[in-house]
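First listed ligand is number 1; within each ligand, the first listed atom is number 1.
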Amino acid sequence: MNSAERISLSPRLLELNNVSHSYRRGQQITPVLKTISLLIERGQTCALVGVSGSGKSTLLNMLGLLEQPTVGRLVFNGQDTQTASADQLANLRNRDIGFVFQAFNLLPRLSIIDNVALPLSYRGVSRREARVSAQAQLALVGLADRGSCRPADLSGGQRQRVAIARALVGRPTLILADEPTGNLDSQTAAGIMTLLLGLNHDHGVTLVMVTHDGQLAKRFDRQIQVIDGRLHEEGAHERVWV
Ligand SMILES: Nc1ncnc2c1ncn2[C@@H]1O[C@H](COP(=O)(O)OP(=O)(O)O)[C@@H](O)[C@H]1O
Ligand SMILES: [Mg+2]
């Protein structure tokens, strides 16, 4: 996206209106998110913090259209997701969202370059074109010479860089990262954070990240605490949204 396009778009990227979410297994219902509202603007960096089990991953998956609200409304990029078909949701996910997980989630049998190219293949981009884009993305994360390796040949930090390259290859508007540095030593983690925050700074990518690290969260525009399925944010009342 060039800057002119960015300016012409609505600043609202994601809106949750009185959203609740429960998991249902047979007769058992687990309420997780409890009537939350949240507006995330294009280009913001948001840290989601909170104890284990508070609902952070559920919220992140909902922002990524992997979970639907049980109650309430989620508007993504101007589109009400309640009225979207499964195909439309999959398209939105593929075009607009890049995911980065703690466990990297690379496909072990595919080469690094094919792992990175995967989101483009799902879009129907030709293999040749997808590989050219994947190679460029690998260079951006400092792994230009590793394309032919398998995930098992790389260190944890390198694998997470591959996962970030895969998340970015389709030029998403939004990066969602669930404790992406949780499996990495502190020095490697610092490099991954510099990379993620740099993408926001240099390219205006919106970044929402779950982290346990309060110090790290302070580097984000917003720190949103998830406490027992509810959201708390310092200074949130000062925001005026009409
Ligand atoms: N697929 C699922 N089915 C049933 N319960 C789930 C599922 N995923 C998460 N939970 C429950 O939802 C609650 C919140 O989980 P989660 O969103 O993963 O929290 P966090 O990421 O903050 O640790 C926990 O009690 C968890 O056990
Ligand atoms: Mg989690």
Assign the ring pair His21 / Tyr23 to parallel, tilted or perpendicular, where the plane angle (0 to 90°) is split at 30° and 60°.
-> perpendicular
Any chance you could lay out the salt bridge (charged side-chain N to carboxylate O under 4.0 Å, His left out) test for Arg127 and Asp114, step after step, and finish with the verdict?
-> CA-CA 9 Å; Arg127 186 176 161 94; Asp114 285 336; 3.7 Å; yes
Begin from the C-alpha positions of Asn18 and Thr35 and carry the test side chain to side chain donor-acceptor pair (under 3.5 Å) through to its verdict.
-> CA-CA 4 Å; Asn18 295 319; Thr35 324; over 6 Å; no
How far is atom 2 (C) of ligand 1 from its nearest protein heavy atom, and which residue and atom name does that atom have?
-> Tyr23 CD2, 3.5 Å
Proximal ligand 1 atoms for Val51, defined as those under 4.0 Å from one of its heavy atoms | 22 (O)
Residue Ser52, metal the Mg ion (ligand 2), N/O/S under 2.8 Å = no
Closer than 4.0 angstrom: is that true for some heavy atom of Gly50 and an atom of ligand 1?
-> no
Among all protein non-hydrogen atoms, which one is nearest to atom 16 (P) of ligand 1, and what is the separation to 0.1 Å?
-> Thr58 OG1, 3.7 Å
Please round to the nearest 0.5 Å and tell me the distance separating atom CD1 of Ile40 and atom CD1 of Ile224.
-> 5.5 Å
Value rounded to 0.5 Å, distance of CD1 in Ile29 from CZ in Arg24 | 4.0 Å
Please could you name the atoms of ligand 1 that Ser52 approaches to less than 4.0 Å, counting only its heavy atoms?
-> 23 (O)
Is there any N or O on Ser57 that sits under 3.5 Å from an N or O of ligand 1?
-> yes
Around atom 12 (O) of ligand 1, find the nearest protein heavy atom and jot down its residue, atom name and distance.
-> Val32 CG2, 3.2 Å
Can you pull out the closest protein heavy atom to atom 23 (O) of ligand 1? Residue, atom name and distance to 0.1 Å, please.
-> Gly53 N, 2.7 Å
Identity and separation of the nearest protein heavy atom to atom 19 (O) of ligand 1 | Gly55 N, 3.2 Å
Return a yes/no value: protein heavy atom under 4.0 Å from atom 27 (O) of ligand 1?
-> no
Atom pair CG/CD of Leu120 and Gln137 - distance to nearest 0.5 Å = 9.0 Å
Lys34 and Asp228 ion-paired at < 4.0 Å = yes
Looking at NE2 of His203 and CZ of Arg171, how far apart are the two atoms once the value is rounded to the nearest 0.5 Å?
-> 7.5 Å
Hey, is atom 7 (C) of ligand 1 touched by any protein heavy atom at less than 4.0 Å?
-> yes
